[in-house]
Amino acid sequence: MFGSLWFTSLAFTPYLLSQAIDRGLAPRRPGALLAWTAAVLLVGSASAGLGIMRHRSMTKLRLAAALRTADAVMTHATRLGAALPRRVTSGEVVTIGIADVWTIGRAMNVGGVGVASVLAYAVVAVLLFRTSPLLAVVVLAGVPVLALAVGPLLVRVQAAGARYRKRQGGLAAQLVDVIGGLRILNGLGGKDSHLARYRRHSAELRDLGYRVGRVSSWVGALGEGLPGIFLAVVIWLAARQAAAGELTAGELIGVYGYTAMLVIPVNVMIFCGFDITRGLVAARHVVAFLSLPPDEAPGVPAPERPAVLHDPVSGVSAEPGRLTALAGARPADTHAVLERLGRYGPTDATWGGVRLDRITREEVRARILVAEHEADLFADPLREVVAGRNSPHDERFHAAVEAAAAHDVGAPDHPVEWGGRNLSGGQRQRVRLARALYQEPEMLLAADPTSAVDAHTEAAIAGRLGAARDGRGTVVATTSPALLDRADVVHYLVDGRVAASGSHRELLAVVPGYQRLVARVFGEEA
């Protein structure tokens with residue numbers, strides 16, 4: 001509305017000027033001249049106000065569209081949960097968040113300013129027809145000419161932009177992976193080779209961007225140049241008609257004003273096509289992401305009371321109220337069991353005899369918690385970090401911190417930076433364990449909760465974990481003798497399957513492979 005009224009006010013201004021000249025200035029009638037001049041002033045003031053409101057509404061629409069798209073992407077990413085990294089690269093999600101949503105927001109403005117430009121074009125054509133039907137026909141014929149000139153370029157922009165956007169997402173994924181594994185790359189001496197590969201791919205993306213920019217520059221040049229040529233043709237015809245006496249002085253000035261004003265909507269229409277082209281490329285990536293199906297379950301009710309978790313692939317069973325340990329030479333095997341028992345990915349695991357993947361994920365997440373070794377830590381005071389999604393409670397906070405032996409991390413108000421960058425590796429691990437204990441889940445599945453702490457701290461955690469989880473089920477993937485000795489039952493895994501089960505001391509006495517596993521770990525600790 002604001003865009004249409006603004007363009008219409010611009011279109012009527014030349015008409016008012018022509019009337020002021022032909023009805024006031026030329027016949028020397030001061031009263032009429034003042035009246036038409038006042039009309040010009042009034043319309044000019046209204047145009048200024050409408051221009052401000054048009055810009056405000058366009059900005060609001062652009063930001064609202066971008067932020068609503070970002071919100072939809074974030075909501076769907078949360079809905080996908082653990083399925084997200086299996087369905088799409090992190091770089092693709094990053095590129096959607098920092099580029100695509102804003103491109104879509106800009107394209108959404110076309111619905112307002114594009115319609116306003118078409119309306120302004122029609123208004124000017126009507127006014128010109130009242131002045132000179134020939135000029136009106138020339139003006140109306142200008143749009144198809146512009147479409148024929150710019151249309152093929154827009155098709156090329158869309159094709160080149162799609163290739164560029166695909167490469168951009170891949171490069172962003174590579175960057176995210178490198179940043180995430182920078183410490184490992186430094187330790188393995190692979191930083192320079194990855195840097196060289198990133199530079200090479202970045203240079204290729206830059207060159208592709210130049211090709212996109214080359215086509216886009218032609219669109220920009222035509223958007224600025226063709227309206228000027230268009231203006232010159234119309235003025236040349238109008239001047240010939242004025243010289244022949246077919247147009248008055250006021251009408252000639254009016255025609256000049258109409259065509260000069262038309263430069264704005266014509267330019268806007270060209271760049272609307274450009275924005276739509278880029279917006280379609282971005283929107284296809286967003287729609288493809290939003291179309292990724294989550295690992296949803298039909299909605300079978302979960303067991304009403306704490307029940308046994310069983311993984312038929314490995315043969316592991318975890319009973320409520322007991323501390324179960326998983327020990328194996330390959331950490332990937334034990335971690336895979338935890339992922340299946342926690343329904344992180346495809347699983348045949350059952351909960352109280354009911355398949356986990358048939359129970360709604362919300363119920364599973366509310367009662368079964370998987371505490372990952374590298375779970376994210378967000379920037380907040382320590383109290384907020386440990387409380388997680390729950391409200392902080394002092395007594396509960398201190399109990400969780402004490403059980404995780406994390407009292408040395410700091411006071412409850414101690415600031416934790418994003419990712420725990422101001423904490424040591426052992427402190428980060430203990431904060432993650434404290435956060436998991438604070439949630440008090442019905443079943444806690446923890447992966448190597450003490451791998452980054454010293455033997456004294458590990459012994460303290462092992463001694464306190466049972467009391468902290470009294471009455472609730474706990475599964476710990478570990479090779480720590482201190483934790484294994486505290487477990488009610490230990491499952492010894494070989495090639496991902498249970499080879500033996502029993503207490504830690506029973507397995508030490510009768511299973512040679514388990515003896516070697518524990519002896520190796522104990523030797524490394526010593």
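The model shown is predicted, which means the values in this text are computed figures rather than measured ones.
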J.: Measure from NZ or CZ of R435 to the centre of the six-membered ring of F378, then state whether that distance is under 6.0 Å and the direction lies within 45° of the axis.
T.: no

J.: Would you indicate whether the side-chain heavy atoms of I21 and S18 approach each other to under 4.5 Å?
T.: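 Side-chain contact under 4.5 Å: no.
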
J.: How would you list, by chain and number, every residue that makes a salt bridge (Lys or Arg N to Asp or Glu O under 4.0 Å) with E440, sequence neighbours excluded?
T.: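 Expected list: R396, R472.
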
J.: Got a donor-acceptor contact below 3.5 angstrom from the R68 side chain to the L63 backbone?
T.: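 No.
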
J.: Measure from the side-chain N and O atoms of Y344 to the backbone N and O of V370, and report whether any donor-acceptor pair falls under 3.5 Å.
T.: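 Looks like no, no N/O pair under 3.5 Å.
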
J.: Can you list the residues that meet the side-chain hydrogen bond (donor to acceptor under 3.5 Å, both in side chains) rule with R54, with sequence neighbours excluded?
T.: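 For R54, no residue satisfies side-chain hydrogen bond (donor to acceptor under 3.5 Å, both in side chains) once neighbours in sequence are set aside.
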
J.: Minimum heavy-atom separation for R367 and A302, please, with both atom names.
T.: NH1-CB, 3.7 Å

J.: Just so I know, are the side chains of T360 and V364 near enough to count as touching, which here means a heavy-atom distance under 4.5 Å?
T.: no

J.: Can you check whether S424's main-chain N or O pairs, donor with acceptor, with Q427's side chain at less than 3.5 Å?
T.: yes

J.: Between E246 and T131, is any pair of side-chain heavy atoms under 4.5 Å apart?
T.: no

J.: Would you indicate whether the side-chain heavy atoms of E204 and D207 approach each other to under 4.5 Å?
T.: no

J.: Write down the atom of A238, the atom of V255, and the distance for their closest heavy-atom approach.
T.: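 So the two residues come closest at CB-CG1, 3.5 Å.
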
J.: Could you tell me the separation between the CG atom of L377 and the CG atom of L423, rounded to the nearest 0.5 Å?
T.: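 That separation rounds to 7.5 Å.
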
J.: Show the nearest heavy-atom pair for residues H285 and I96, with the distance to one decimal.
T.: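 Result for this residue pair: O-CD1, 4.0 Å.
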
J.: Let me check something: any side-chain donor-acceptor pairs from residues 103-117 under 3.5 Å, sequence neighbours excluded? List them with distances.
T.:
from, atom 1, to, atom 2, distance (Å)
T103, OG1, A99, O, 3.0
R106, NE, D275, OD1, 3.0
R106, NE, D275, OD2, 3.2
S117, OG, V113, O, 2.8

J.: A side-chain contact here means heavy atoms from C-beta on lying under 4.5 Å apart; do L50 and F7 qualify?
T.: no

J.: Quick check: closest heavy atoms across G342 and L445, and the distance to 0.1 Å?
T.: N-CD1, 3.6 Å

J.: Please check if the side chain of R240 supplies one atom and the backbone of L237 the other of a donor-acceptor pair under 3.5 Å.
T.: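 Not a single qualifying donor-acceptor pair exists.
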
J.: Applying salt bridge (Lys or Arg N to Asp or Glu O under 4.0 Å), name anything that partners D376, two or more places apart in sequence or on another chain.
T.: none

J.: Using a 4.5 Å cut-off on heavy atoms from C-beta on, say whether the side chain of D408 contacts that of R430.
T.: yes

J.: Tell me, please, which residues at least two apart from E372 pass side-chain hydrogen bond (donor to acceptor under 3.5 Å, both in side chains).
T.: none

J.: For the side chain of R361 and the backbone of R79, is there at least one donor-acceptor N/O pair under 3.5 Å apart?
T.: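 Indeed, once roles are kept as given, a pair shorter than 3.5 Å links the two residues.
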
J.: Considering only residues two or more places apart or on different chains, which pairs with a residue in residues 75-118 satisfy ring-ring contact (aromatic ring centres under 6.0 Å, His included)?
T.: H76-F289

J.: Not counting sequence neighbours, list each pair that qualifies as a salt bridge (charged side-chain N to carboxylate O under 4.0 Å, His left out) and has a residue in residues 380-392.
T.: R383-D394, R383-D413

J.: Which pairs pass salt bridge (charged side-chain N to carboxylate O under 4.0 Å, His left out) with one or both residues in residues 250-267, sequence neighbours excluded?
T.: none

J.: With sequence neighbours left out, write down each residue that passes side-chain hydrogen bond (donor to acceptor under 3.5 Å, both in side chains) with R355, or none if nothing qualifies.
T.: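 By the side-chain hydrogen bond (donor to acceptor under 3.5 Å, both in side chains) rule, R355 matches D348, D357.
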
J.: Verify, without hydrogens or angle tests, whether T59 (side chain) and H55 (backbone) share a donor-acceptor contact under 3.5 angstrom.
T.: yes

J.: Quick one, I52 and F2 - any side-chain contact, counting heavy atoms below 4.5 Å?
T.: no

J.: Write down the atom of L338, the atom of A446, and the distance for their closest heavy-atom approach.
T.: CD1-O, 3.5 Å

J.: Could you give the distance from CG (L119) to OG (S4), rounded to the nearest 0.5 Å?
T.: 5.0 Å

J.: Using distance only, find each side-chain donor-acceptor pair of residues 29-49 under 3.5 Å and give its atom names and separation, not counting sequence neighbours.
T.:
from, atom 1, to, atom 2, distance (Å)
T37, OG1, L33, O, 2.6
S45, OG, L41, O, 3.0
S47, OG, S9, OG, 3.3

J.: Once salt bridge (Lys or Arg N to Asp or Glu O under 4.0 Å) is applied, do any residues pair with E363, and if so which ones, sequence neighbours excluded?
T.: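 E363 satisfies salt bridge (Lys or Arg N to Asp or Glu O under 4.0 Å) with no residue once adjacent residues are dropped.
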
J.: For P412 and H398, which heavy atoms make the closest approach, and how far apart are they?
T.: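 That closest heavy-atom pairing would be CG-CE1, 4.1 Å.
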
J.: Rounded to the nearest 0.5 Å, what's the gap from OG1 on T78 to CE on M74? Could you check?
T.: 6.5 Å

J.: Applying side-chain hydrogen bond (donor to acceptor under 3.5 Å, both in side chains), can you list everything that pairs with S132, at least two apart in sequence or on another chain?
T.: Q241

